[in-house]
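Each chain gets a letter, A, B and so on, in the order the sequences are listed, and its residues count up from 1.
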Amino acid sequence: MVEIKNLVKKYGTKYALDDISFNINKGEILGFLGPNGAGKSTTMNIITGYLAPTSGNVLVDGVDIFDDPIGVKKKIGFLPEQPPLYIDMTVWEYLSFVFDLKGCEFNKKKHLEEICELVKIADVEKRLIRNLSKGYRQRVGIAQALVGNPEFIIFDEPTVGLDPKQIIEIRNLMRNLGKSHTVILSTHILPEVQAICDRIVVINEGKIIADEKTPSLNNALGQNNRFHVKVSGPQKEVMALLRNLMGVTSVSVVGEREGDAFTYLVENSPNIDIRKSMFRALADKGWPMLGMEPVGAELEDVFIKLINRRS
Amino acid sequence: MLAIYRREMRSYFTTSTGYVFLAISLALSGFMLGFTTLLMGTSDTSTYFAIMLFMLLIFLPILTMKIFSEEKRTKTEQLLLTAPIRISSMVLGKFFAAFTMFIISMAASSLNFFIVFRYAVNDNITSSGPNIAMLMGNMFALLLVGMVFIAIGMFVSSLTENQFAAVLITILILLFLLLVGAFNSLITSNAVRAVLDWLSIYSRFKNFSYGMFDIGALIYYISVAGVFIFLTVRVFEARRVK
């Protein structure tokens, strides 16, 4: 278990971290969510021993990193925001350097082959890192964190700058790793943590504003309360009809007109599922519903909601 | 430490750094030796070594400028500093790699002496022939001074991520250390003279250059290098101290 206790980090007079505390339990995938500049990287750099906090401490299995830096660092694998790659080495040379650096004591060839297989870089083993694409470099960065089989794996913004296909692959990889390791991952993308993590810690301006299991956070954020509904029919009357449905709190027109169809943003109060009644009401009037999809909350909305909830 | 040392050595030879360093150091030492002995018609190498002391200013920063600046710029230092190793073993690994490169270049350049010896003995220019003890003493002293310079260059490199700044600052510091003795005759205060003389890298060089083994100077050079290695370790530890 990693215990983060009252961490404060000051840069000059500015607080990058203002007294944050939370625990990371064994075996969970923890999402660390916050906008850029919230203090995510600072926190991760402190946990891994790259930076020292101004005050507070981090205990890994009850041991402070200051008391036993080498012992604690052995338990942690870290992928910083920018993967720390020596681009003049081949993938295999690099991983084998990391293996020696970490002073690992098992069969090198077998261990590295397993990792390359797991993160799917076996086909580029012999290539210079300089010549690899961003997606492959990210994976080599992940492989580096896995060398030595550390218990806790920390990823700082692992999907930034990747294309959608690579993002999906990396997310699947994270989920897989979560089965055998404790994974901590930071991101500023809300759906990412919702898709992967068991628990979410939300940080903003150096303070923790939420620390909950993913489903309960979803409820608190009012997921499934907003829909984009596309209806073919007279605009004013459709809006009037939707507004009169039980549970609907607001209706507005969004997006482009398509023939006689408009897209409406429908919001409803939590705990009332309006989807069925909405479908029936529109069908009765003979206005076909061409599409309906839930609208996820934007990160900005999340912060406003979470901050309001606290005060 | 060994992992870092091996990676550094490897990187000197897979990037241009090692080749540029060897090319420049060998060209300069070869040219200077030829100029000061063969062209002058003498096998006395004292001028050569005096000049080489200043040549170190030019080619050693090539070796040291990247040591930490590059790691900082490409963020690979995050790997080293979060790995389960001591900071001192990281610093020492890098220091010994740079020192090894310097030893390689000096060893290669000493092949030039055979040419000087051959002509010196045959032509019998000097009555005694080349003095092996003097040569060894000078070479040894040059290695010691180089060791100090590498430690200083490495320290400067740990302070900045700008390689150009690292080179410039290193050269200025080394120049000061070399020239500080030269101004001594202009200073009347005995106390100041003693301090400057103590600081001077050059004044310690003398005994070695006469072919004498000066244990005091040896300890001095190793201590100065040790201080800068220690300071480099402190630069990284300072960030980790609350």
Heavy-atom closest contact ([X] atom, [Y] atom, distance):
{"X": "A:Lys102", "Y": "B:Pro84", "result": "O-CG, 3.8 Å"}
{"X": "B:Arg86", "Y": "A:Ile70", "result": "CG-CD1, 3.9 Å"}
{"X": "B:Ser11", "Y": "A:Asp88", "result": "CB-OD2, 3.6 Å"}
{"X": "A:Gln82", "Y": "B:Thr74", "result": "NE2-O, 3.9 Å"}
{"X": "A:Leu101", "Y": "B:Ile4", "result": "CD1-CD1, 3.7 Å"}

Around [X], counting heavy atoms of other residues, nucleotides and ligands shown, do more than 12 lie under 6.0 Å from its [atom1]?
{"X": "A:Lys120", "atom1": "NZ", "value": "no"}
{"X": "B:Phe230", "atom1": "CZ", "value": "no"}
{"X": "A:Glu113", "atom1": "CD", "value": "yes"}
{"X": "A:Met1", "atom1": "CE", "value": "yes"}
{"X": "A:Tyr15", "atom1": "OH", "value": "no"}
{"X": "B:Phe35", "atom1": "CZ", "value": "no"}
{"X": "B:Phe164", "atom1": "CZ", "value": "no"}

Report yes if some heavy atom in the side chain of B:Leu79 is under 4.5 Å from a heavy atom in the side chain of A:Tyr86; otherwise report no.
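Yes; the side chains approach each other to less than 4.5 Å.
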Do the non-hydrogen side-chain atoms of B:Arg10 and A:Met89 ever get within less than 4.5 Å of each other?
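Answer yes - side chains close enough.
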Quick one: what part of [X] sits under 4.5 Å from any heavy atom of chain B, side chain, backbone, both or neither?
{"X": "A:Val72", "result": "neither"}
{"X": "A:Tyr50", "result": "both"}
{"X": "A:Gln144", "result": "side chain"}

Honestly, is B:Arg6 close enough over A:Phe97, meaning NZ or CZ under 6.0 Å from the six-membered ring centre and within 45° of the axis?
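No - B:Arg6 does not lie over the ring of A:Phe97 by the 6.0 Å and 45° rule.
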Is it the backbone or the side chain of B:Glu71 that comes under 4.5 Å from a heavy atom of chain A, or both, or neither?
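B:Glu71 touches chain A through side-chain heavy atoms alone.
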Tell me, side chain or backbone of B:Thr14 under 4.5 Å from chain A's heavy atoms, or both, or neither?
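When you check distances to chain A, only side chain atoms of B:Thr14 fall under 4.5 Å.
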Report the distance from atom CG of B:Leu81 to atom NZ of A:Lys73, rounding to the nearest 0.5 Å.
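That separation rounds to 6.5 Å.
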Look up atom CG in A:Asp100 and atom CE in B:Met1, then write down how far apart they are to the nearest 0.5 Å.
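It comes to 14.0 Å.
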Any chance you could lay out the salt bridge (charged side-chain N to carboxylate O under 4.0 Å, His left out) test for B:Arg7 and A:Glu93, step after step, and finish with the verdict?
CA-CA 9 Å; B:Arg7 205 211 78 77; A:Glu93 282 167 345; over 6 Å; no
Under 3.5 Å, side chain of B:Lys75 to main-chain N/O of A:Pro80, donor-acceptor pair present?
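Not a single qualifying donor-acceptor pair exists.
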